Amino acid sequence: MLLHRVKSFLNNQLTIKQAKQIHAQILITSLNHLQPSLVHQFLLSTTNYSASVFVYVREILYHLQKPDAFSWGCTVRFLSRHGQFEEAFSLYVEMQKLGLYPSTHAVSSALRACARTGSKTGGISIHAQVHRYGVCNCVFVQTTLVDFYTKLGDMDTAKRVFNEMLEKNVVSWNSILSGYLKAGNLGEAQRVFDEMPKKDVISWNAILSGYAKMGNMDKTLSFFQQMPEKSFASWNTLISGYMERGEIESARRFFDMMHRRNNITWITMIGGYSKCGDAESARELFDEMPEKDHLAFNAMISCYAQNSEPKEALKLFDDMLKSGVNIQPDGVTLASVISACSQLGELRFGSWIESYINKHGIQMDDHMATALVDLHSKCGNVDKAYKLFNGLRKRDVVAYSAMIAGCAINGKAIDAIKLFQEMVEAQIQPNLATFSGLLTAYNHAGLVEEGYRCFNLMKDNGLVPSTDHHAIMVDLLGRAGKLEEAYKLIKSMPVKPHTGVWGALLQACSVHKNVEFGEIAAKHCFELEPSTGGYYSLLANIYASVGRWQDARRMRRNMDRKKLDKIPGCSWTEST
DNA sequence: GTTGCAAACG
């Protein structure tokens, strides 16, 4: 009944004025009875309202003839249930200012909103009022409080509230359980799990994911088999655990075993293949997927972006936009798309993306901003990159690494080094990408000693320098004319060097007119990339520079015969 | 009403 009325209400697109007069209270109360997915559908089908319907609810509330605590409470609950947390909390505050006493519903909804947004002060102030409103003995309020503190990471307070509870239900137990798991305290979690008077499928899934995240797949599997009831989440947790450990075959086996799957199952598999660098298998699953949602597109686009297939990423993004009305990109999509653009050197997309974000009202988050830091750095717009970097809510390894690299490639070596120090002081562990940027900075500044120190610092941090790191070091040594040292470094590499490494040495030999190492480097380059003409011409230059004209001519003839281009590759700076 | 599986940036 109610459902029907709301539906016709939204579909008829009544004016606000009409709504104010007739349906206000009915709408507010009935919206709470709708499944979120249904409301979502309404929002999609009623495009005129989709952006403003939540604001609209507030409007309705304001124009109620007698807005009582009940109407306010319902609205707060409605907003909190549909992810409008800031709005929910602000309405809650407003209702208090009016001197209305919030119900248990309102309090728990407002608390939930604070828990989700991480609003520490908001939640704590609600907690302080709980006694005044006489809602302190409500299980729902208390459970939400427990959840709030676990989400803050304050397990002591969470535990205190939990212990004070006179009545506990499964949800209360699950909240404290997942709190310990989030805190990484598996021992305590296991104890809580054993103590629980009643366990539901969520309890089982929680402990399951705890062991899966630890990488203890034997234990995970044994819990999985013991479960009295399994949900999609149970299967998905198991599969994701195997994927995280790189045990693709096991993951696949359980995936194939499932006779019914949900979208998360598919996305988990796609993400797993992506991490293993197997974009092809990921795509196969993506194509097989029966009902692709925007999350599936996100997973696949990011797979391409992270496996150095930016063109495919953009192509799929294009497909996504064309795919239909109800698949819309979000911040996650754009973060990957920005990353793809940045890899391609598609600099024009930077401004395109920004206008897209503004036009569609997509919220800029740290992930997106970090991707933009990278993009603008590569455009040479360090100021813009800095602005974005400074605007971040939280700076993590990725953000620092992007900014350090940005400074490095734009010749701001000192800034890069400063940022690195700042990052270490903030106790953020640098990783391989961080050091790539830092080494690049030293390279640009020609600081050999510091570069070496940095290279060794990596090992102190338990990191194994990759081929790319070696390439930068070789370049640094080579530019300084330390060709033999560079050659020795290559020889000491644990894995086979790629053309970036040998190419750097060859380039250096060309600058320093060194035939001996130049010939060695060139030989390797020819072997690895026989069709790249640039290497032949570099060696020819070396010969010419020392007066070995015959050899130089021989190289050029070699090139002509193979009809090779002189320019090895096209870098992004040239594509603008 | 309150808890939960997956996915993002270098």
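By convention in this document, chain letters (A, B, ...) are assigned in the order of the sequence lines, proteins followed by strands, and residues within each chain are numbered from 1. Below, all heavy atoms of this structure are taken into account, side chains as well, without hydrogens, waters or symmetry copies. These numbers come from a predicted model, not from an experiment.
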Of the nucleotides B/dA7, B/dG4, B/dC5, which one has an atom closest to the side chain of A/Ile267? B/dA7

Taking atom P of B/dC5 as reference, at what distance in whole Å does atom CD1 of A/Ile270 sit? 20 Å

Centroid-centroid distance, A/Trp266 to A/Phe255, less than 6.0 Å: yes

Side chain of A/Ile202 only, heavy atoms from C-beta on: which candidate in B/dA6, B/dT3, B/dG1 is closest? B/dT3

Taking OP1 and OP2 of B/dG1, is either one under 4.0 Å from a side-chain nitrogen or oxygen of A/Arg77? no

OP1, OP2 of B/dT3 versus side-chain N and O of A/Arg116: anything below 4.0 Å? yes

What is the distance from CG of A/Leu285 to C1' of B/dA7, rounded to the nearest Å? 15 Å

note: A/Leu111, atom CG; B/dG1, atom C1'; distance rounded to Å ~ 12 Å

Residues A/Lys378, A/Asp374: salt bridge by 4.0 Å N-O rule: yes

Rounded distance in Å - CG (A/Leu375) to C1' (B/dA8): 16 Å

Just how far is it from atom CE of A/Met243 to atom OG1 of A/Thr268, taken to the nearest 0.5 Å? 8.5 Å

Would you mind reading off the distance between A/Lys213 atom NZ and B/dA7 atom P, rounded to a whole angstrom? 9 Å

Does a side-chain heavy-atom distance below 4.5 Å link A/Val170 with A/Ser203? yes

Can you list, by residue number, the residues of residues 138-147 of chain A that have a non-hydrogen atom closer than 4.0 angstrom to DNA chain B? A/Phe140, A/Thr143, A/Thr144, A/Asp147

Let me confirm one number: the CD1-CG distance from A/Ile362 to A/Asn358, rounded to the nearest 0.5 Å. 9.5 Å

I want to verify a distance call: between B/dT2, B/dA8, B/dA6, whose nearest atom is closest to the A/Ser240 side chain? B/dA6

Among residues 292-316 of chain A, which ones have heavy-atom contacts with DNA chain B below 4.0 Å? A/Leu295, A/Ser302, A/Gln306

From B/dA6, B/dG4, B/dC9, nucleotide with atom closest to A/Ser178 side chain: B/dG4

Looking at A/Tyr304 versus A/Phe286, is the centre-to-centre ring distance below 6.0 Å? no

Does the gap between the ring centers of A/Trp173 and A/Phe162 come in under 6.0 Å? yes

Could you check whether A/Asp147 pairs with A/Lys151 (Lys NZ or Arg NE/NH1/NH2 to Asp/Glu carboxylate O, under 4.0 Å)? yes

Could you check whether A/Lys275 gets within reach of a base, just the sugar-phosphate, or nothing at all, counting any heavy atom under 4.0 Å? sugar-phosphate

Ranking B/dT3, B/dC5, B/dA8 by distance to the side chain of A/Asp365, first place goes to B/dA8

Taking atom types as they are modelled, would you say the side chain of A/Thr370 forms a donor-acceptor pair with the base of B/dC9 within the 3.5 Å cutoff? yes

Regarding A/Asn263, tell me which of base, sugar-phosphate or nothing describes its non-hydrogen contacts under 4.0 Å with the strands shown. nothing

Validation row, ring centre A/Phe455 to ring centre A/Phe435 under 6.0 Å: no

Starting at CE of A/Met289 and ending at P of B/dA7, how long is that distance when rounded to a whole Å? 13 Å

Rounded to whole angstroms, how far apart are CZ on A/Phe70 and P on B/dG1? 12 Å

Find the distance A/Met320:CE to B/dA8:P and express it as a whole number of Å. 14 Å

Would you call A/Glu195-A/Arg191 a salt bridge at under 4.0 Å N-O? yes

Are A/Tyr149 and A/His127 an aromatic pair by the rule of ring centers under 6.0 Å? yes

Please state whether the phosphate of B/dG4, meaning OP1 or OP2, lies under 4.0 angstrom from any side-chain nitrogen or oxygen of A/Lys182. yes

Contact class for A/Lys151 (heavy atom, under 4.0 Å): base, sugar-phosphate, or nothing? sugar-phosphate

Could you walk me through whether A/Lys384 and A/Glu354 satisfy the salt bridge (Lys or Arg N to Asp or Glu O under 4.0 Å) test, starting with their C-alpha distance in whole Å, then the side-chain angles of each, then the deciding distance to 0.1 Å, before giving a yes or no? CA-CA 12 Å; A/Lys384 184 105 195 200; A/Glu354 253 155 308; 3.4 Å; yes

Using a strict heavy-atom distance below 4.0 Å, which residues from residues 158-175 of chain A are in contact with DNA chain B? A/Asn169, A/Val171, A/Asn174, A/Ser175

Distance (rounded to the nearest 0.5 Å) between A/His470 NE2 and A/Leu439 CG: 10.0 Å

Using a cut-off of strictly less than 4.0 Å, decide whether A/Ser109 has a side-chain nitrogen or oxygen near OP1 or OP2 of B/dG1. no

